[in-house]
There are 2 protein chains.
Amino acid sequence: MTAIRGARERARSEITAAIKDEARAQLAAEGAAKLSLRAVARALGMASSALYRYFPSRDDLLTALILDAYHAIGAAAEAADPATGGAGASGPAESGGTGAAGRPETPGHLERWVAVCGGVRAWALAHPHEYALLYGTPVPGYHAPQTTTAPAGRVARALIAVVGDAHAAGALHEPPGPLPEEVAADVRALMTELDIELPAPVMAVLVATWAQLFGLISFELFGQFHRVVEERDAFFAHTTRRLAEGVGLTAEPGGAA
Amino acid sequence: MTAIRGARERARSEITAAIKDEARAQLAAEGAAKLSLRAVARALGMASSALYRYFPSRDDLLTALILDAYHAIGAAAEAADPATGGAGASGPAESGGTGAAGRPETPGHLERWVAVCGGVRAWALAHPHEYALLYGTPVPGYHAPQTTTAPAGRVARALIAVVGDAHAAGALHEPPGPLPEEVAADVRALMTELDIELPAPVMAVLVATWAQLFGLISFELFGQFHRVVEERDAFFAHTTRRLAEGVGLTAEPGGAA
DNA sequence: AGCAAAACGTGAGCACTGCTCTTGCTTGAG
DNA sequence: CTCAAGCAAGAGCAGTGCTCACGTTTTGCT
C-alpha cells in the first residue's frame, strides 16, 4: 500500500521526525516549560509558521513527545527484565552478578522485579525532563488523550509480568489481611480490562506499589531527597527489594526449592 | 520596636499579602503555568511594573506561594492527627469515630497514621495546583532555596511523630530483614540532623514510605489512576493502612494490652 | 522645619512567546 | 498540461517577563 507513496510524504515524515528530535533536544536541555516552537523552527531553519503544518499546536507537539517518552520508559522497563529484555542487551553494564559464563540461569522473580524497577529509575535519571513530562505536573490543557493510556501502561505491564510469572510458578506469597470489597471489585474490573488473572489482594498491592515506585523516583528526581537521602542507589535498591516482598515475591530463584 | 513603624510598612505588607492572595487565586484557578504577573497586577489595579517592587521576579512570587503551601499542607497533616491536632478542631468534619462524649481516648497509632495520611491527601485534593507546585515538576529555575527545606519537612515530621510515639510506647514492630550499611549510615545522619531517635531500619522504611505516600497522592491527582483505580477513597485508606503496617505500626490502640 | 534620600507608582519599551492569516511557490494526480 | 492541494514565508496580533527613566510621596535626619 503505502510503500513508496511519494517523495512528499517521505519528506513530511522526515520533517516531522526532525521537529520532534529538535523539540526533544530542547526539552532535555531546558525542560518542558522552556520548549518553544519558535526556537525549534529557528534551529531547523524554517519559519515558525511552517511548523504548524506538522503540529497544530504546541500542546500537540508535547503530546507526541509524551507518547514517545512513554514508549521509551516502557522499553527501558522491559529491557531491564532479564527474563524478557535480555540482561546484557541494552541494560546499563551490569556484569557483576550472574552470567559471566553465558549460562542463562533463570533469574529469581525478586531479582527480576528489582531489575525492572532499576531500569525505570535509570531511564528517569537519564531523561529527567521527559520523565517530568510523564509523571510530573500535567501540562496546561491537561487530560491526556485516550491514545496515551496504552503506552502509559507499559511499565505497569512489565511489573505485572514479573508478578504474573511468580504467581504461575506458585512462588507468590499472598499478602495477609482482609481486602475491602470496594477495592476488590475495583481491581477485578481492572484485571478483566487488562486480561490478566491474579488474586485480588495481590493486584491491589501491585497497583499501590506501582504508584509508590514512581513516588520514590519522583522524590529523588524532583529534589525532595536533597539533604535527606544521599546514598540514592543503595536506598532505592533496598526499598525496591522491600516493595517486592510486599507484593509477595520471594528471594528463591525459580520454582519450588 | 516595630510596633507602628509607619503607614508605609503597613501598606507594604498589606499589598504584599494582596498580591499573594490574588496570585494564589489565579494559581488555584488556572495552574502555575498560567499565573501571570501582569494579570495579577491588572486584577489589583496597578501597573505591572509596580509589582516588581514587592517581588523581584515571577519565580520569587512562586517561591513565596510554595512556602505558604508547604506550611498549609504541613498544618493539614498536623491537624489531622487526632493526638496533636485535635480531631474535631479544623479537621474535615469527622464526628463518627471517637469523641462523642468528649472522652479523650488515646487513639491507636495506626489510626493516627491513617488519619495523617488522609489529611494530607484531603489537602492535596482541595488544592491540586498548589500541591502540584510542591510535589510536581520543579518550576523552571528549580532548586528551591534553603528556606523551603524546613517547612517542606512538616508533613514528614507529622508522620515521624506518630511512629516516634509508637516506638516510645513499645508498640512498634521492627521491620525484618537486613539493612545495608550505606542506608543505615544515611538514615542515622538524617536522624541526628532531625534530632530524633528511632531504630535505623524503621527510619529507612519511614523515609521510603513518606515518598511512597506522595507517589500515591500524585498518581491520583495527576490522572495516572484514571481508568485504573476508581474507588479512590477506599483504595487510599486500604493502602495507607498497609503502609502503616509496613512501618511497624499495629492496630492495638495505646500501649501494651 | 527643612531637606536629602529612599521608596513608590507609572508608562513606554525590549525581546520573547503561541498562533493566525495572506501571499506565493512546489508538487502530485487527473 | 492543468489545477487543486500541500507547503513555506512573512507580517501581524495579543500576550508574557522584565527594565528603565520619570515624577511623586513618604521617611529619617539634621
Side-chain angles (χ1 to χ4, degrees), chain A residues 1-20 22-23 25-27 29-66 129 133 138-142, chain B residues 1-20 22-23 25-27 29-66 129 133 138-142:
Chain A
M1 293 267 195
T2 61
I4 324 174
R5 190 52 171 282
R8 196 107 228 194
E9 310 207 354
R10 263 187 67 92
R12 180 171 182 85
S13 65
E14 272 179 23
I15 294 181
T16 304
I19 292 173
K20 284 208 294 187
E22 179 58 36
Q26 295 209 4
L27 174 65
E30 296 269 26
K34 302 254 181 184
L35 198 172
S36 119
L37 285 192
R38 294 180 108 112
V40 171
R42 223 176 295 134
L44 263 50
M46 60 201 312
S48 64
S49 53
L51 228 145
Y52 286 82
R53 300 263 173 205
Y54 300 89
F55 294 94
S57 86
R58 181 181 183 274
D59 282 4
D60 291 85
L61 214 194
L62 254 313
T63 303
L65 293 183
I66 288 177
H129 289 116
L133 206 53
V139 239
Y142 75 128
Chain B
M1 295 264 194
T2 59
I4 324 173
R5 188 55 168 282
R8 197 110 226 194
E9 309 209 354
R10 263 189 65 93
R12 179 170 184 86
S13 66
E14 273 179 23
I15 295 182
T16 303
I19 292 173
K20 283 208 292 187
E22 179 58 36
Q26 296 209 5
L27 175 64
E30 296 269 27
K34 304 253 180 185
L35 198 173
S36 120
L37 286 192
R38 294 180 108 111
V40 171
R42 224 176 293 134
L44 262 51
M46 60 202 312
S48 63
S49 52
L51 232 148
Y52 287 83
R53 302 263 179 212
Y54 299 89
F55 295 94
S57 85
R58 181 181 183 274
D59 283 4
D60 291 86
L61 214 195
L62 254 312
T63 302
L65 293 184
I66 288 177
H129 289 119
L133 206 54
V139 242
Y142 75 127

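First the proteins, then the strands, lettered A, B, ... as listed; each starts at 1.
Remark: side-chain polar atoms of B/Arg53 are not paired, donor with acceptor, to backbone N or O of B/Arg12 under 3.5 angstrom.
The listed nucleotides are D/dC7, D/dA9, C/dC8; the one nearest the side chain of A/Arg12 is D/dC7.
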### Summary
Contact string for nucleotides 13-22 of chain C, one letter per nucleotide 5' to 3', B = base within protein heavy-atom range under 4.0 Å, S = sugar-phosphate only, - = neither, reads B---BBBBB-
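Within 4.0 Å of B/Ile15, counting heavy atoms only, lie sugar-phosphate atoms of the nucleic acid but no base atom.
Between A/Tyr54 and D/dA8 there is a side-chain N or O to OP1 or OP2 distance below 4.0 Å.
Taking atom CG on B/Leu62 and atom C1' on D/dG17, their separation rounds to 13 Å, with Å as the unit. Atom-to-atom, CZ of B/Phe55 to C1' of D/dT19 comes out at 19 Å; the value is rounded to the nearest Å. Counting to the nearest Å, the C1' atom of D/dC7 and the CZ atom of A/Arg10 are 18 Å from each other. If you take CE of B/Met46 and P of C/dA7, they are 17 Å apart, rounded to a whole angstrom. The separation between B/Ile19 atom CD1 and C/dC8 atom C1' is 12 Å, rounded to whole Å. We find that NZ of B/Lys34 is positioned 12 Å from C1' of D/dT16, with the value rounded to whole Å.
For B/Ser57, the side-chain hydrogen bond (donor to acceptor under 3.5 Å, both in side chains) partners are B/Asp60, not counting sequence neighbours. Qualifying side-chain hydrogen bond (donor to acceptor under 3.5 Å, both in side chains) partners for B/Ser13, counting only residues two or more places apart in sequence or in other chains: none.
Here the shortest heavy-atom pairing between A/Tyr54 and A/Ile15 reads OH-CD1, 3.3 Å. Summarising the geometry of B/Ala23 relative to B/Leu35, their closest heavy-atom pair is O-CD1, 3.8 Å, with the distance given to 0.1 Å.
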Which atom pairs, donor and acceptor, lie under 3.5 Å between side-chain atoms of residues 36-45 of chain B and protein residues at least two apart or in another chain?
{"unit_1": "B/Ser36", "atom_1": "OG", "unit_2": "B/Arg38", "atom_2": "N", "d": "3.3"}
{"unit_1": "B/Ser36", "atom_1": "OG", "unit_2": "B/Ala39", "atom_2": "N", "d": "2.8"}

